[in-house]
Amino acid sequence: MKSKIVVLCVVFAVLSAAVMAAEVIKKGPEKITLDGGSKGMIHFPHRNHQNNLGDCKICHSIFPQKLGIIKKLKAEGKLKKKRVMNNCRGCHRKLVKQGKKAGPTSCRKCHSK
Ligand code: HEC
Ligand code: HEC
Ligand code: HEC
């Protein structure tokens, strides 16, 4: 009897670990470095945005949930250069205008070399 309980506990622990791992994979990385061309890299806090904005579609209606996809689609001519950037910057600018907490709006605060 006791051993059955132990086995059940182990099974439960393994299952919940798997569910948690799946959750992490599905949400993608916490931080992402994006290619900003000649202007330099962008350090993008992904999880911060997921938690603050709630809606994945704000970004992922423009590009799929896949690392490196922005660069790839741009190279293939399927996504306009700066299209994603204008979405990022546009939201930050709107929030600043409303006097709310926002991310960077100046080139150098987003791009770093
Ligand atoms: C503010 C914009 C933004 C929001 C909101 C956002 N993401 Fe992302 N996400 C990105 C960017 C940028 C990338 C990286 C794309 C690239 O590298 O080209 C990305 C990549 C991903 C990836 C790919 C991970 C991999 O390993 O390939 C997953 C999964 C993902 N996001 C899930 C989500 C989910 C789920 C939500 C909503 C809870 C969400 N994202 C909300 C911008 C966002
Ligand atoms: C909120 C962050 C943010 C700000 C502010 C920002 N950028 Fe960007 N920029 C990005 C991101 C993300 C990309 C890559 C995705 C894209 O091309 O849309 C990018 C891409 C670029 C590119 C490369 C386009 C290409 O593929 O050739 C250039 C050049 C650029 N930005 C210039 C600027 C200039 C100039 C400013 C200031 C007027 C600026 N950026 C402000 C986030 C930002
Ligand atoms: C719909 C609105 C919205 C969009 C789209 C958005 N952001 Fe933000 N961003 C925010 C808000 C709100 C904050 C402030 C959150 C905080 O500091 O708690 C922020 C903060 C940031 C910060 C600063 C984080 C810190 O720790 O100081 C960076 C960098 C940033 N965003 C980059 C980006 C990039 C790059 C994109 C596009 C891929 C993007 N954001 C798209 C709303 C947005």
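Every number for a ligand or one of its atoms is a count from 1 in the order of the listing. Because the structure is a prediction, the values reported are computed rather than measured.
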Which of the numbered atoms in ligand 1 are below 4.0 angstrom from a heavy atom of I69? 16 (C), 18 (O)
Taking heavy atoms and a distance under 4.0 Å, where does Q65 meet ligand 1: side chain, backbone, both or neither? both
With backbone taken as N, CA, C and O and side chain as the heavy atoms from C-beta onward, which portion of I58 lies under 4.0 Å from ligand 1: side chain, backbone, both, or neither? neither
Does an N or O from K39, backbone or side chain, lie closer than 3.5 Å to an N or O of ligand 2? no
Per atom 20 (C) of ligand 1, closest listed option by heavy atom (H60, R47, K57): H60
Give a yes/no on ligand 1: does D55 have at least one heavy atom closer than 4.0 angstrom to it? yes
Backbone or side-chain N/O/S of C59 under 2.8 Å of atom 8 (Fe) of ligand 1: no
Ring pair (Phe, Tyr, Trp, His ring centres under 6.0 Å) involving H43 - partner list, sequence neighbours excluded: none
How does K26 reach ligand 1, by side chain, by backbone, by both or by neither, if only non-hydrogen atoms under 4.0 Å count? backbone
Numbered in order shown, the ligand 1 atoms found under 4.0 Å of a heavy atom of F63 are 10 (C), 11 (C), 12 (C), 13 (C), 15 (C), 42 (C)
Hey, does S38 come in under 3.5 Å of ligand 2, counting only N/O atoms on both sides? no
Around atom 29 (C) of ligand 3, find the nearest protein heavy atom and jot down its residue, atom name and distance. H43 O, 3.6 Å
Quick one: which ligand 1 atoms are inside 4.0 Å of a heavy atom on I32? 13 (C), 14 (C), 19 (C), 20 (C)
As an exercise, identify every atom of ligand 1 less than 4.0 angstrom from a heavy atom of G28. 24 (C), 28 (C), 29 (C)
By number and element, which atoms of ligand 2 are closer than 4.0 Å to a non-hydrogen atom of V84? 15 (C), 18 (O)
Taking 2.8 Å as the distance threshold, tell me the number of protein N/O/S atoms next to atom 8 (Fe) of ligand 3. 2
Option whose closest heavy atom lies nearest to atom 18 (O) of ligand 3, chosen from K94, K109, K101: K101
Atom indices of ligand 1, in the order listed, that fall short of 4.0 Å to a heavy atom of P29: 24 (C)
SG (C107) and NZ (K39) are apart, to the nearest 0.5 Å, by 5.0 Å
The option among K72, K71, K27, K66 carrying the non-hydrogen atom nearest to atom 32 (C) of ligand 1 is K27
